[in-house]
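For reference, the structure is listed below as structure tokens.
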2 protein chains.
Amino acid sequence: MTMPSAVTILTWARLVRASAKALNTAELALKQAGLPPLEWYELLAELQHKTPIRPRDLQGPLHAEQYSLSRLIARTVRAGLVLRRPCPGDARGHTLELTEAGTAMRAAMWPVYGAAIEQALGTRLTEDERLTLAGLLQRLV
Amino acid sequence: MTMPSAVTILTWARLVRASAKALNTAELALKQAGLPPLEWYELLAELQHKTPIRPRDLQGPLHAEQYSLSRLIARTVRAGLVLRRPCPGDARGHTLELTEAGTAMRAAMWPVYGAAIEQALGTRLTEDERLTLAGLLQRLV
DNA sequence: AGATTCTCAATGCATCTGCATCGACCGTTT
DNA sequence: AAACGGTCGATGCAGATGCATTGAGAATCT
């Protein structure tokens, strides 16, 4: 395996830095607004438009490990945002859905999250540049 | 604050995904080679070319919190890779330097880390594209 | 000098994470 | 039906993290 060029290393460093900074901005904004962390939002959002859904079907979309997801769900259930129901036809599992409070929480989080995204990306690049960036990034996945 | 456009949101998602995948690849490669995690490499590398150095002067370059860095250093010291010495002229602090084993560990990690970088970026984009990407990412920092 | 304020680095505590494993249940095979 | 391997989701444990605070020492002020 040939070792990376200087440009490749520079790009690597910037990729790591940029995404860390972007994520940090968003997490901080949520925290300062007294709201739960980003991963809660992703879960609530997923539950919102595919509902009811089983935990194992969330692993892919949320890119989360099984145990990680299990505990994330437990936290949101404890917070009253998510409801666990027995799963019809499979007594091992259960299905998840949002509570009223869960829907409200997602709604409350979006303005803060969205503003952070806008601040991180929207105000720093033109629409064309974002399109170019998105195209290049996709090639990395 | 205006909410992000669809392209902005897409770009955000891809940025987060791409960097998570890239970092994951590297961490996994190191783990599978029986080597310490990425952050150890960053510390060892920093120590290699600015030495001796004090912990607080590493916070910036490593983008680490004070307590986080303090514990990272403690781990590498325990592993015999880093040496703490009393700091001349400031009895509160100490200076850090690499041990022989530390230098060797950095050397052992680079091929694995470098290969992961090359695999994540080098084989997926042309040099021109990497340059474009690096340019766009810099604007986010 | 003495008092006050600031900086450096470590740490107690609660929470979170990764790994391995568990118990429960499903589906298939014989 | 009994046995077996596979899947679902939770959890014990060890280690890592974030937050707030500490103790020691430096710097500044009066």
Side-chain angles (χ1 to χ4, degrees), chain A residues 20-21 23-43 46-47 50 52-79 82-97, chain B residues 20 23-43 46-47 50 52-79 81-97:
Chain A
K21 195 203 165 198
L23 282 170
N24 244 356
T25 303
E27 291 284 11
L28 192 68
L30 289 170
K31 179 169 304 188
Q32 284 179 345
L35 294 167
L38 249 183
E39 58 175 1
W40 286 40
Y41 181 86
E42 307 298 346
L43 173 60
E46 207 63 34
L47 287 183
K50 304 185 223 164
I53 192 173
R54 300 181 56 175
R56 54 111 185 243
D57 297 325
L58 286 169
Q59 285 174 235
L62 295 180
H63 316 295
E65 299 293 324
Q66 182 273 320
Y67 52 83
S68 173
L69 186 54
S70 172
R71 295 199 257 229
L72 171 58
I73 292 167
R75 268 169 257 149
T76 56
V77 167
R78 249 178 272 134
V82 171
L83 195 67
R84 270 197 253 248
R85 305 180 151 288
C87 180
D90 189 344
R92 286 169 305 183
H94 41 248
T95 65
L96 304 172
E97 48 192 86
Chain B
L23 282 170
N24 245 356
T25 302
E27 292 284 11
L28 192 69
L30 288 170
K31 178 169 304 187
Q32 284 179 344
L35 293 168
L38 249 182
E39 58 174 2
W40 286 41
Y41 182 86
E42 307 297 347
L43 173 60
E46 207 63 35
L47 288 183
K50 303 185 222 163
I53 192 173
R54 300 181 57 175
R56 54 110 184 244
D57 296 324
L58 286 169
Q59 283 174 237
L62 295 180
H63 316 296
E65 298 294 323
Q66 181 274 319
Y67 53 83
S68 173
L69 186 53
S70 171
R71 295 200 258 228
L72 171 59
I73 291 168
R75 268 169 258 151
T76 56
V77 167
R78 249 179 271 134
L81 306 181
V82 171
L83 195 67
R84 269 196 253 248
R85 306 178 151 289
C87 180
D90 190 343
R92 283 169 307 183
H94 41 248
T95 66
L96 304 172
E97 48 193 86

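All chains are named by letter (A, B, ...) in the order of the sequence lines, taking the proteins before the strands, and each is independently numbered beginning at 1. These numbers were taken from a predicted model, which means no experiment stands behind them.
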Value in whole Å for how far the [atom2] atom of [N] lies from [atom1] of [X]:
X     : N      : atom1 : atom2 : value
A:E65 : C:dT17 : CD    : C1'   : 11 Å
B:D90 : C:dA9  : CG    : P     : 7 Å
A:Y67 : C:dA20 : OH    : P     : 9 Å
B:R71 : C:dA10 : CZ    : C1'   : 9 Å
A:R75 : C:dA14 : CZ    : C1'   : 13 Å
A:R78 : C:dC16 : CZ    : P     : 8 Å
A:E39 : C:dC16 : CD    : P     : 9 Å
B:N24 : C:dG18 : CG    : C1'   : 12 Å

Nucleotide interval of DNA chain D bounded by contacts with chain A (heavy-atom cut-off, under 4.0 Å):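 Answer, 5' to 3': D:dG6 to D:dC19.
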Measuring only between side-chain heavy atoms, which start at C-beta, is A:Q66 closer than 4.5 Å to A:P55?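 Result no, sub-4.5 Å side-chain heavy-atom pair not found.
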Applying side chain to side chain donor-acceptor pair (under 3.5 Å), which residue pairs with at least one partner in residues 23-40 of chain B are found, sequence neighbours left out?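 Side chain to side chain donor-acceptor pair (under 3.5 Å) check on residues 23-40 of chain B returns B:E39-B:R75.
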Toward the 5' end of DNA chain C, which comes first, B:I73 or A:A91, by nearest nucleotide?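 Counting from the 5' end, the first nearest nucleotide belongs to B:I73.
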Atom pair [atom1] ([X]) and [atom2] ([Y]), whose distance is rounded to the nearest 0.5 Å:
X     : Y     : atom1 : atom2 : answer
A:L58 : A:I53 : CG    : CD1   : 4.0 Å
B:H63 : B:E42 : NE2   : CD    : 8.5 Å
B:L96 : B:I73 : CG    : CD1   : 4.5 Å
A:L83 : A:T76 : CG    : OG1   : 10.5 Å
B:K50 : B:D57 : NZ    : CG    : 8.0 Å

Residue whose nearest DNA chain D nucleotide is more 5′ - B:G89 or A:L69: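 Closest to the 5' end, via its nearest nucleotide, is A:L69.
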Please determine if a side-chain N or O atom of [X] lies less than 4.0 Å away from the OP1 or OP2 oxygen of [N].
X     : N      : result
B:S70 : C:dA10 : yes
B:R84 : C:dA10 : yes
B:K31 : C:dG18 : no

